[in-house]
Engineer: 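My questions will all concern the structure given below.
Because the structure is a prediction, the values reported are computed rather than measured.
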Amino acid sequence: MLSKLALAAATVLVTTFLASSVLSPTPRMGFNDWARYQNDISEQLFKKVAVAMSENGLLQVGYNRINIDDAWASIQLVANGSMVWGQTRSLVGSQYGQMGRDSADIVFYTGRNAWGSMMNNDRMNRRLARHKRPGYFNDPDFLNVDNTTYTLDEKMSHFTLWCSFSAPLIISAD
């Protein structure tokens, strides 16, 4: 009986590893909490976001990820130096993974030049475009297309540029 359990566990681990090591043919699409919620995150917020993604048709067109950007960890490290979930911010079934980024943060604070910041990331990603291929996508930061300082044309340009980069389309908006 124990060997059947061990075999089943090994099968799950190998299957999980193989599934996670397959290169994605397209960039990730989803939601990121940072530009709108910063440190004010909770399990309820992410459940609300998941429902909104489904009800607004985003899930059906491929927006199937929720990235927990920051403020999830406790301040104290465990004995081996690892970060751990904060007691007040633990999320049921949560997993944490990293997605690399190759440019600066897009400014989203009021009173700062958000459009200039976005255009800086545009220039950086045009230089890096030759390196993209399935499984390796340049990431110019999240989409903050509801930034109140952008004109409608700038909002549409921001989304269009990210699509032209084959960049991850990670929305950080209400």
Engineer: Return a table of donor-acceptor pairs under 3.5 angstrom between the side chains of residues 158-172 and protein atoms on other chains or two or more places apart.
Structural biologist:
unit_1: H158; atom_1: NE2; unit_2: N144; atom_2: N; d: 3.2
unit_1: H158; atom_1: NE2; unit_2: N144; atom_2: OD1; d: 3.2
unit_1: T160; atom_1: OG1; unit_2: M156; atom_2: O; d: 2.7
unit_1: W162; atom_1: NE1; unit_2: D141; atom_2: O; d: 2.8
unit_1: S164; atom_1: OG; unit_2: L161; atom_2: O; d: 2.7
unit_1: S172; atom_1: OG; unit_2: N32; atom_2: O; d: 2.9
unit_1: S172; atom_1: OG; unit_2: A35; atom_2: N; d: 2.9

Engineer: State which residues pass side chain to side chain donor-acceptor pair (under 3.5 Å) with D146; sequence neighbours excluded, sorted by chain then number.
Structural biologist: R36

Engineer: Rounded to the nearest 0.5 Å, what's the gap from CZ on F142 to CG on N121? Could you check?
Structural biologist: 10.0 Å

Engineer: With clusters built from Ile, Leu, Val, Met, Phe, Trp and Tyr whose side-chain heavy atoms come within less than 4.5 Å, directly or transitively, what are the remaining members of the cluster of V51, listed by chain and number?
Structural biologist: none

Engineer: Mind checking side-chain contact (heavy atoms from CB on, under 4.5 Å) for S157 and listing every partner two or more places apart, or none if nothing turns up?
Structural biologist: W115

Engineer: Which heavy atom of N138 sits nearest to which heavy atom of K132, and what is that distance?
Structural biologist: ND2-CB, 4.3 Å

Engineer: For S54, what residues pass the side-chain contact (heavy atoms from CB on, under 4.5 Å) criterion, not counting sequence neighbours?
Structural biologist: L59, Q60

Engineer: What pair of heavy atoms forms the shortest contact from N64 to M53, and how long is it?
Structural biologist: N-CE, 4.2 Å

Engineer: Can any side-chain N or O of N113 pair as donor or acceptor with the backbone N or O of G116 at less than 3.5 Å?
Structural biologist: yes

Engineer: Using the salt bridge (charged side-chain N to carboxylate O under 4.0 Å, His left out) criterion, which residues pair with R65? Sequence neighbours excluded.
Structural biologist: none

Engineer: Is the backbone of A52 close enough, under 3.5 Å, to the side chain of N56 for a donor and an acceptor to pair up by distance?
Structural biologist: yes

Engineer: Under a 4.5 Å cut-off applied to non-hydrogen side-chain atoms, are Y150 and M118 in contact?
Structural biologist: yes

Engineer: Is it true that T149 and N147 share a donor-acceptor pair across their side chains at a distance under 3.5 Å?
Structural biologist: yes

Engineer: Would you call E43 and K47 a side-chain contact if the rule is heavy atoms closer than 4.5 Å?
Structural biologist: yes

Engineer: For residues F31 and D33, determine if any side-chain heavy atom of one lies less than 4.5 Å from a side-chain heavy atom of the other.
Structural biologist: yes

Engineer: Working to the nearest 0.5 angstrom, can you tell me the gap between I41 CD1 and F46 CZ?
Structural biologist: 4.5 Å

